[in-house]
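Chain A is the first sequence line, chain B the second, and so forth, proteins listed ahead of strands; every chain is numbered from 1. The model shown is predicted, which means the values in this text are computed figures rather than measured ones.
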Amino acid sequence: MKLDGREAFSRAGEAARGRDAGRTVVRVCRGGGCRGGAAVAAAIESTAREAGTVLAVRSAGCHGCCDLGPVVTVPAAGLFLAGVKPADAPEIVTKVIGAGEVPDRLAVKDAATKKRFAREAEIPFLAGQTRIGLRNAGRIDPADLDDAIAAGTYGAAAKALTTMTPEQVIAVIEASGLRGRGGAGFSTGLKWRACREATGDDRFAVANGTVLLEIDPHAVLEGLLIAAYAVGAHEGFVFARADSARAVALVKGAIETATARGLLGERILGTDFSFTVRLALGGSEFVCGESTAVLRAIEGLVPEPRVKYPRSAERGLFGRPTVLDNSETLALVPVVVARGPEEFRKVGTAESPGTKVLNLGGRVRQGGLFEVPFGTTLRTLVFGLGGGVAGKRRFKAAMVGGPSGGILGEADLDTPLDYGPLAARGAIVGSGNVMVMDDHSCPVDVARYFTHSLAAESCGKCVPCREGLHHLAEILTRITLGEGTPADLPRLRALARVVADASLCGLGKTAPNVVLSTLDRFEAEYRAHVEDRKCPGGVCRALTKFEIDTDLCEGCQACQKVCPTGAISGAKKQPHRIDPEICTACGMCRTKCKFDAITVV
Amino acid sequence: MSEPAIVIDAKRVSDLLDRLPAGEASALPEALRAAQAAFRHVPREVAAAVARRLSVPASRVFGLATFHGEFSLFPKGEVVLKVCTGAACHGRGAPTLLDELLSKLGIASGGTTKDLKFTVETTNCVGACAMAPVVSVNGELRGNAEPSAMAKELLGGRS
Ligand SMILES: Cc1cc2nc3c(=O)[nH]c(=O)nc-3n(C[C@H](O)[C@H](O)[C@H](O)COP(=O)(O)O)c2cc1C
Ligand code: SF4
């Protein structure tokens, strides 16, 4: 039934919150990464039925820590169980739900201290976050509108549409200092104002970016609705990667159900405001996320970026004024509207209020989505929340900002994660991806790898990016093969600057970050490659020779078992030896050695 | 053994065309996705028919069909494996995984086996970095395993 006003909306909220009264709710995550959630849910349900325990087993969206999945939560008791299997169902029903006792194996092991925690509020990597954009991550079923409404979603839109003018909404967003989370950090309020003030009869509002759509699609839709109301758009699109099957299905369903309930579509919540949303699908190529490319894709054109003038706010989709915001930005909008700009500014920095969702990965103990205030240091992220570097290795570098981000080293660990400080060190906020590298990595090879893949991603429209990236990749490949010369280093630097300065869109402008930032921090390693023909990280095969340190070797034969060429000899409990004639420097042995006995010479 | 072929029957083509809004250029990506889903590639004759239906030049159809990795002018395999090459996956064995898949199947990246069973491609960060290295198997994500074990599992008994 359509909700025809604010009162009907709040009644719907109460009804949704009350529907599980008298039953214990158990949530099983069905995030993209958690295979097996369905079987766990079924097992818990049937066990409870047999035991006569009254439960409401509901699904949950991704918690942002898929390596711990499937996750089962008991929200009323604040419990969070990881790695649950169907066979755990009896214990969950009797012990966990019945007596509040959690078996050790289902509690979350803290990566740094090895202590186990079952209370969500005590799990360090969750408790240490400030989840605002991710406020509903794992707490609602993203496919269930009632769950969203129970969590307060669409409340801010109801407030805006019924009690605020579009001007007031824009003023609130401006006062909050909200900056776009899609990479560039442009002021969301300014963008909305420009669109509202642009001449034109009708406008569009577009949501860009896929991650939040899988976690909380209604929060994104609510933000988009508020944006549309603020700028005066009556049509909008959610743009998602076609290959994200889950996000696509969730958004499709979310648009349908919200429209059916009168939260989107004609005369929303009984007001005069109408806003129709459609789903538009795009490719998985990196450039497809660039704002002007997104708009071209929706028009059915090849998604090549265009020059920024005229701005999309003035002439965007089908030539009409268009506001395009990242989905994380949009998920924050309702919070700003509901709680007010002052409250929003309480976390983060003065220049960048609020939080940012970061995706931590690579050689770190606990990866996943981490939402932290802007200004949190890289050290806190990697060593605090992430539990430090995996295995017994040491931190060497982190790539900050995604595939076109910059590489930061140990000396940068206290860098606040924020637009200005990151830019000053040659990195970006970008996609929010942070990849940690340990001392078994090679910065030159990392630069080669990402430059090579970005060269393949270049849409080819402009020469500096299309040709420049290929040339950079070629030079870097030569260096990693041991065919570089010292003259290559200034050449790399000069060319990288040209590509960064002269490219048309953000892809070409940021792609050289990895080259420039590694040259700045790891020049000695570049020199080792071109002058001594050595790869200190032991990655570039042509330049690597491994040896076994006989003092450290315990003779466990683990390396012998994995060596694909049979280059390692030595009896059990006797020091082993690598035959340099046979060894191809693949490095498999080094990943297996528990005693760090395999050294680069 | 003769090479398997994908039948382009007229009924499926006309069904596909009927569902497209005539003269609506912005429906082109949708048209190509439908063709790719139906025939595991965008056949020449379908591309031409789509161009007529949407009133766009054939060059635009081919332009888009060759821009996106999700479309192909030649049939893709029954199983399309997309190895994520994002930052986190790269650091956790994606290159090894890709190499193993390609060498086991004897194809190059982006290639398809002769029997049209497997296609192996790379893709950009799919956002599931915590379970790196990640592979999308006909759209479903798999991960969290040793690269060589994963390669074995993905290809089933085949080597
Ligand atoms: C190469 C490239 C890729 C991008 N990919 C995305 C993306 O996947 N999602 C996204 O929201 N923004 C992406 N952006 C940023 C968009 O261009 C745009 O700035 C952003 O979506 C605007 O929203 P915001 O102001 O809320 O950040 C990308 C930019 C570039 C240059
Ligand atoms: S910078 Fe690269 S991706 Fe961007 S428009 Fe130019 S060629 Fe295309």
Side-chain angles (χ1 to χ4, degrees), chain A residues 31-35 62 64-69 210-211 214 241-247 280-286 288 297-304 318 359-364 366-369 399 402-403 405 431 433-438 441 446 449-450 453 456-457 459 586 588, chain B residues 24-33 36-37 54 56 59-71 80 82 84-96 99 109-110 121-134 136 138-144 146-148:
Chain A
C34 297
R35 289 208 298 147
C62 185
C65 45
C66 303
D67 54 332
L68 298 180
T210 304
V211 175
E214 288 192 24
R241 266 171 73 159
D243 65 343
S244 298
R246 211 181 139 67
L281 300 180
S284 57
E285 290 79 10
F286 188 33
C288 295
I298 298 174
E299 293 175 7
L301 300 171
V302 168
E304 280 170 358
F318 299 108
N359 194 346
L360 182 66
R363 297 281 168 203
V364 70
Q366 178 64 58
L369 297 182
M399 184 162 182
S431 66
N433 276 45
V434 176
M435 182 193 58
V436 174
M437 288 167 256
D438 65 22
S441 59
V446 169
Y449 174 78
F450 284 100
S453 65
E457 293 291 323
C459 82
C586 72
M588 289 287 276
Chain B
E24 189 63 64
S26 67
L28 182 53
E30 179 193 327
L32 294 180
R33 265 193 302 276
Q36 183 74 39
L54 301 180
V56 298
S59 61
R60 222 161 106 185
V61 179
F62 285 105
L64 200 62
T66 53
F67 185 91
H68 289 295
E70 68 175 301
F71 307 132
V80 179
K82 294 185 191 174
C84 176
T85 52
C89 291
H90 177 66
R92 284 216 239 168
T96 314
D99 281 351
S109 182
E121 304 174 347
T122 57
T123 186
N124 283 316
C125 181
V126 294
C129 309
M131 48 187 274
V134 178
S136 138
N138 285 346
E140 190 193 322
L141 300 185
R142 304 268 186 90
N144 251 345
E146 194 89 50
S148 24

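- Note that CG of Leu141(B) is 10.0 Å distant from CZ of Arg246(A), once rounded to the nearest 0.5 Å.
- Considering CG of Asp99(B) and SG of Cys586(A), their distance stands at 11.5 Å, rounded to 0.5 Å.
- The aromatic rings of His90(B) and Tyr449(A) lie parallel to each other, with less than 30° between the two planes, well short of the 60° mark.
- Of the two parts of Leu369(A), neither the backbone nor the side chain holds a non-hydrogen atom closer than 4.5 Å to a non-hydrogen atom of chain B.
- Of all heavy-atom pairs spanning Gly139(B) and Ala245(A), the tightest one is O-CB, 4.5 Å.
- Top candidate by heavy-atom pairs under 4.5 Å with chain B, chosen from Val446(A), Leu301(A), Asp243(A), is Leu301(A).
- Top candidate by heavy-atom pairs under 4.5 Å with chain A, chosen from Val126(B), Thr123(B), Thr85(B), is Thr85(B).
- Partners of Asp67(A) under the side chain to side chain contact (heavy atoms under 4.5 Å, CB included) rule, at least two apart in sequence or in another chain, are Cys65(A), Gln366(A), Ala130(B), Asn144(B).
- Nearest heavy atoms, Gly282(A) versus Glu70(B): O-OE2, 4.0 Å.
- Residues Pro303(A) and Leu64(B) form a side-chain contact, since some pair of their non-hydrogen atoms from C-beta on lies under 4.5 Å apart.
- Counting only heavy atoms from C-beta outward, the side chains of Cys125(B) and Phe286(A) never approach each other to under 4.5 Å.
- Annotation: maximal heavy-atom pairing with chain A below 4.5 Å, among Glu140(B), Glu30(B), Arg142(B), occurs at Arg142(B).
- Arg60(B) and Gly300(A) make their closest contact through NH2-O, 4.3 Å (heavy atoms, listed as atom of the first residue, atom of the second, distance).
- For the side-chain hydrogen bond (donor to acceptor under 3.5 Å, both in side chains) criterion with Asn124(B), the lone passing option out of Glu285(A), Glu457(A), Arg241(A) is Glu457(A).
- Heavy atoms closer than 4.5 Å to chain B are found in the backbone of Ala297(A), but not in its side chain.
- Minimum heavy-atom separation, Phe67(B) to Glu304(A): CE1-CG, 4.4 Å.
- Contact of Ser244(A) with chain B is not made at all, since no heavy-atom distance falls under 4.5 Å.
- For the pair Met131(B) and Cys66(A), the tightest heavy-atom approach, listed with the atom from each and the gap, is SD-CB, 4.2 Å.
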